[in-house]
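Okay, so here's the structure we're looking at.
Ligands are counted one by one from 1 in listed order, and the atoms in each one are counted from 1 as well.
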Amino acid sequence: VKRAGRHDFRFFTAAMQQRAARHLQLVNALRYAVERDQLRVVYQPQVSLKSGRVVGAEALLRWSTPELGAVSPVEFIPAAEESGLIIPIGEWVLRQAVRQARVWLDAGLPPLVMAVNLSAIQFRSADLPSRVAQILYEEGLPPEYLELELTEGVALQDPQGAINTMTQLHDRGIRMSIDDFGTGFSSLSHLKKFKVYKLKIDQSFVRDISTDAEDKAIVSAIINMARSLGLTTIAEGVETVEQLDFLREQLCDEIQGYHFSKPLLPEAFRALLEKE
Ligand code: C2E
Ligand code: CA
Ligand code: CA
Ligand code: CA
């Protein structure tokens, strides 16, 4: 590592200060995001490669304010996590998504599984399984229509705690998937103990799938391993027909990505389902 000169040091400090200020600004604004009606949920279709039909939707949070404009979840989710605001915000998203799934079922649209992202902090709160069950009950959605997306990181600190929580969710009929799979070094033994039913292959592996032999090998290995464990696979970030062809050839179960559709507001998603 090179020793930073005085100039570099000052520059570094200014950048850090700027980051801290932005963080504070986001956290302060996020506090009021729910009550000021600044949050929206968009839904990205998940498509079965066998049937070609939409079989699921991932709920993705959107936030914009008059002062800040649209802020990416890549930026505000970490701020929400660090401030603890992810607990009320995450619960808001969960309820919206569950309610939306119920609305589409009631409208007679083909049933689909609603996938909701769960932050590690939400996952570790002791009453998570009962809170989720409560929301399903209040919104009248059977648990098999819900899927919680967890990252491999949730189990890092406390594997036994994670297994307990996952067992409780599983016993309540709620499905769980591992998001960004391949980036967190999950072991096979873990996957068996965790009551997971689906692996979401991270977009970083899918991106160069048609040109990069290593990525091809990784994706193929994940799909084969998942199959032998009886797990469903979905590839994220599928943008091209070349990626799609490779995934189909490898017997990947589902795809999600711009090739089929970007995340949509509820009205647009419904229009897409009705066209099917
Ligand atoms: P993620 O869970 O891995 O979500 C997938 C991201 O990839 C989404 O970004 C989605 O819009 C984007 N995407 C989908 N298809 C494509 C594609 O074909 N190409 C490319 N390049 N990107 C694609 P988004 O919506 O900006 O969300 C970013 C991250 O923010 C999510 O990554 C997730 O970690 C987090 N996030 C979003 N909503 C929530 C939420 O409600 N709760 C929590 N805890 N995290 C959330
Ligand atoms: Ca996700
Ligand atoms: Ca992901
Ligand atoms: Ca690569």
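For the salt bridge (Lys or Arg N to Asp or Glu O under 4.0 Å) with Glu236, the lone residue among Lys200, Arg207, Lys198 that qualifies is Lys200.
The minimum heavy-atom distance between Arg62 and Pro263, with the atom names listed, is NH2-CG, 3.9 Å. Met114 and Ala97 make their closest contact through CE-O, 3.5 Å (heavy atoms, listed as atom of the first residue, atom of the second, distance). The two atoms that bring Met176 and His170 nearest to each other are CE-N, 3.9 Å, heavy atoms only. Nearest approach of Val98 to Glu139, heavy atoms of both residues: CG1-CB, 3.5 Å. Closest of all the heavy-atom pairs between Pro78 and Pro73 is CD-O, 3.5 Å. The minimum heavy-atom distance between Leu231 and Asp253, with the atom names listed, is O-OD2, 4.1 Å.
For atom 31 (C) of ligand 1, the closest heavy atom belonging to the protein is Leu60 CD2, 4.4 Å. Here the protein heavy atom with the shortest distance to atom 18 (O) of ligand 1 is Tyr258 N, 2.8 Å. The nearest heavy-atom contact from the protein to atom 20 (C) of ligand 1 is Glu239 OE2, 3.3 Å. Of all protein heavy atoms, the one lying nearest to atom 28 (C) of ligand 1 is Val74 CG2, 3.8 Å. For atom 38 (N) of ligand 1, the nearest protein heavy atom (residue, atom name, distance) is Leu61 N, 3.1 Å. Distance from atom 27 (O) of ligand 1 to its nearest protein heavy atom, with residue and atom name: Pro73 CG, 3.5 Å. Protein heavy atom at the shortest distance from atom 36 (N) of ligand 1 is Ile77 CG1, 4.0 Å.
Within the model, atoms CD1 of Ile174 and NZ of Lys195 stand 14.0 Å from one another, a figure rounded to the nearest 0.5 Å. One distance of note links CD1 of Ile201 with CD1 of Ile222; it measures 5.0 Å at 0.5 Å rounding. Atom CZ of Phe260 and atom CD of Glu254 lie 12.0 Å apart (nearest 0.5 Å).
Proximity of Val116 to ligand 1, defined as any heavy-atom pair under 4.0 Å, is not found for any part of the residue. With a heavy-atom cut-off of 4.0 Å, Asn117 touches ligand 1 through backbone and side chain alike. Contacts with ligand 1 closer than 4.0 Å are made by side-chain heavy atoms of Glu58 only, the backbone lying farther away.
Close approach of ligand 1 to Val93 (heavy-atom distance below 4.0 Å) involves ligand atoms 41 (O). Annotation for ligand 1: atoms under 4.0 Å from non-hydrogen atoms of Pro263 are 11 (O). For ligand 1, the atoms closer than 4.0 angstrom to any heavy atom of Val238 are 18 (O). Near Asp180, meaning under 4.0 Å from one of its heavy atoms, ligand 1 places the atoms 3 (O). Applying the 4.0 Å criterion to heavy atoms of Glu236 picks out, from ligand 1, the atoms 3 (O), 5 (C). The contact set between ligand 1 and Gly257, taken as ligand atoms under 4.0 Å from a residue heavy atom, comprises 15 (N), 18 (O).
Under the 4.0 Å distance rule, the nearest protein heavy atom to atom 25 (O) of ligand 1 falls inside the cut-off. Protein heavy atoms are absent from the 4.0 Å sphere centred on atom 9 (O) of ligand 1. For atom 34 (O) of ligand 1, the nearest protein heavy atom lies 4.0 Å away or farther.
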Exercise for review: Give the C-alpha distance, both sets of side-chain angles, the deciding distance and a yes or no for side chain to side chain donor-acceptor pair (under 3.5 Å) between Thr65 and Gln38.
Suggested key: CA-CA 6 Å; Thr65 84; Gln38 295 168 342; 5.0 Å; no
Exercise for review: Apply side chain to side chain donor-acceptor pair (under 3.5 Å) to the pair Glu58 and Asn117, showing each step before the final yes or no.
Suggested key: CA-CA 8 Å; Glu58 179 177 4; Asn117 290 286; 2.8 Å; yes
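Remark: ligand 1 and His259 share no N or O pair separated by less than 3.5 Å (distance only, no angle test). Where the criterion is an N or O separation shorter than 3.5 Å, residue side chain and backbone included, Gln122 fails it with respect to ligand 1. Residue Gln44 has at least one nitrogen or oxygen atom sitting less than 3.5 Å from a nitrogen or oxygen atom of ligand 1, judged on distance alone. Among the atoms of Gln203, some N or O lies under 3.5 angstrom from an N or O of ligand 1.
Taking 4.5 Å as the limit, every side-chain heavy atom of Tyr145 sits out of range of all side-chain heavy atoms of Leu136. The shortest distance between side-chain heavy atoms of Phe246 and Ser210 does not fall below 4.5 Å. Annotation: side chain of Met225 is in contact with side chain of Leu199 (closest heavy-atom distance under 4.5 Å).
When distances to the Ca ion (ligand 3) are checked against a cut-off of 3.0 Å, Asp179 contributes an N, O or S atom below that limit. At a cut-off of 3.0 Å, Glu149 is not counted among the residues with an N, O or S atom near the Ca ion (ligand 3).
The minimum distance between the Ca ion (ligand 2) and any N, O or S atom of Glu58 involves atom OE2. Restricting Asp180 to its N, O or S atoms, the one at the least distance from the Ca ion (ligand 3) is OD1.
Neither side chain, Gln96 nor Gln100, offers a donor N or O lying under 3.5 Å from an acceptor on the other.
Distances from ligand 1 to the non-hydrogen atoms of Arg207 include no value under 4.0 Å. Heavy atoms of Gly237 come nearer than 4.0 angstrom to ligand 1 in at least one pair.
The aromatic rings of Tyr43 and Phe269 sit perpendicular to each other, their planes meeting at more than 60°, with 30° as the lower class boundary.
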